[in-house]
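As structure tokens, the structure follows; a few thoughts come after it.
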There are 2 protein chains.
Amino acid sequence: MEGRGISQAVIRRLPRYYRYLGELLEDGVERISSNDLSKRMKVTASQIRQDLNNFGGFGQQGYGYNVKYLYTEIGKILGLDRKHNMIIIGAGNLGQALANYAAFERSGFVTKGLFDVNPTLAGITVRGIEIRMMDEIKSFIKNNDIEIAVLTIPKAKAISVANMLVENGIRAIWNFAHTDLNLPENIVVENVHLSESLMRLSYNVLRYKETHQEDK
Amino acid sequence: MEGRGISQAVIRRLPRYYRYLGELLEDGVERISSNDLSKRMKVTASQIRQDLNNFGGFGQQGYGYNVKYLYTEIGKILGLDRKHNMIIIGAGNLGQALANYAAFERSGFVTKGLFDVNPTLAGITVRGIEIRMMDEIKSFIKNNDIEIAVLTIPKAKAISVANMLVENGIRAIWNFAHTDLNLPENIVVENVHLSESLMRLSYNVLRYKETHQEDK
DNA sequence: TAGATTGTTAATCGATTAACAATC
DNA sequence: TAGATTGTTAATCGATTAACAATC
């Protein structure tokens, strides 16, 4: 799904603003100008003002932005003032690592269940979350108001499982499988392709070495 | 570090081309035109040709691209024809999950060691990789020709650890900590901020709901 | 009031798409 | 040779930055 109106380039930056404002808040900073923030974040002040003004005038001329207010407002924009129930499909290392990560809950993302095909995992709990078998998934989604499914399964199964999830009312998929899902336009997909991230890193290392070879 | 010459927008797409070409190769497809590939990947044929031509003329008029050749060439561009030795700092759930993920090795990314501050983990092995204490890290980097460090530690320690790693010769950091690192310009940093990814997902779910409220 | 800083319009820059001549 | 499809230039589109009037 593609967001209309506000560009994904802006949305990609929002969580980073949120993070910096959270740190300022912790440090007891009350207000900040786009100029000061731009220096900390290493972006232009113009971009900050443009980005924020997509959502409303959060600042005040001559004063800047109130840190606490802006933090709260961006949180609302990102949907962090609501609860989002999740299930994790695939209770392997990555699935369990994500289930164990308690910090998501502080932002409202609550993992309600873990699912796997491996019967030896059935009934085991991770941070109090039970691992269930796949045949329970449909009723579980209905009974627990699940909005987001986290896909941490091998790519071979990912597409068919994703389709099944969508048929059963899942609104969004956080996809860690190494494949594209091609779901209906109304389903939100956020991909985390770790191997591709590692390849970009590798490319940049290589390129740096090459461009500096002549220095030796 | 920012790559010069070729834009990061292009580099971001490169691993995806590689993935699709790998699948075509597995399916026994010998050649493909930019037009056919564009339909599969849901991008424009023009973009594919432009992207590839940043690196050279891999195609042939009237024929298209040889799948195997292009796959190999993109692999080389991404540095997948070389070995990259890695260490993982932080042997918690995520660090261990990444260590367990054998597929990275097939692309040349070899995890040589796992490091943690928790003494109860010392000596434990994950997929044959020993967990070591932090005081061994400096000599380990030197003796094992380590290029990449994977940071899976809490953000409080991330910046100081990153600086220490750079002082000891690390060239690139795959950063899973929820903070920006601000390292010297010659160090490659690839961030994987999972909580920010989840926030973007949340934003897009919310926006979809809002824009379709009136339908009810 | 004077100074600071936003919100917003206009200018620039870069990335994407379209078009087509070159050529296999 | 005729048809297909690339490589590449030109046109368009969108995102970023600069500038400044509005206003706290």
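So you know, we letter chains A, B, ... as the sequences are listed, proteins then strands, and number each from 1.
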Starting from the 5' end of DNA chain D, give me the residue, A:D51 or B:Q60, whose nearest nucleotide shows up first.
B:Q60

For B:V205, does its backbone N or O pair with a side-chain atom of A:R171 as donor and acceptor, under 3.5 Å?
no

Over 60° means perpendicular and under 30° means parallel, so classify the ring planes of A:F55 and B:Y203, tilted if in between.
perpendicular

Using the benzene-type ring in the case of Trp, are the ring centres of A:Y101 and B:H178 under 6.0 Å apart?
yes

Is the distance between the ring centroids of A:F109 and A:W174 under 6.0 Å?
no

When Watson-Crick pairs (N1 to N3 and N6-O4 or O6-N4) and G-U wobble pairs (N1-O2 and O6-N3) count only below 3.5 Å on both distances, what is the dot-bracket string of DNA chain C, with | for other-strand pairs?
..||||||||||||||||||||||

At 4.0 Å (heavy atoms only), tell me whether [X] reaches a base, stays on the sugar-phosphate, or touches nothing.
X: A:T44; value: sugar-phosphate
X: B:R31; value: nothing
X: A:S33; value: sugar-phosphate

Steps toward side chain to side chain contact (heavy atoms under 4.5 Å, CB included) verdict (B:M199, A:R19):
CA-CA 11 Å; B:M199 288 178 193; A:R19 175 155 55 83; over 6 Å; no

Does A:Q50 or A:G62 map to a spot on DNA chain C nearer the 5' end, using the closest nucleotide for each?
A:G62

Shoot me the first and last contacting nucleotide of DNA chain D against chain B, ordered 5' to 3', at under 4.0 angstrom to non-hydrogen atoms.
D:dA4 to D:dA10

Identified ring pair (Phe, Tyr, Trp, His ring centres under 6.0 Å) counterpart of B:Y71 within the set B:Y17, B:Y18, B:Y20
B:Y18

Among residues at least two apart in sequence or on other chains, which ones pass salt bridge (charged side-chain N to carboxylate O under 4.0 Å, His left out) with B:D116?
none

Any salt bridge between A:K112 and A:E147, counting N to O under 4.0 Å?
no

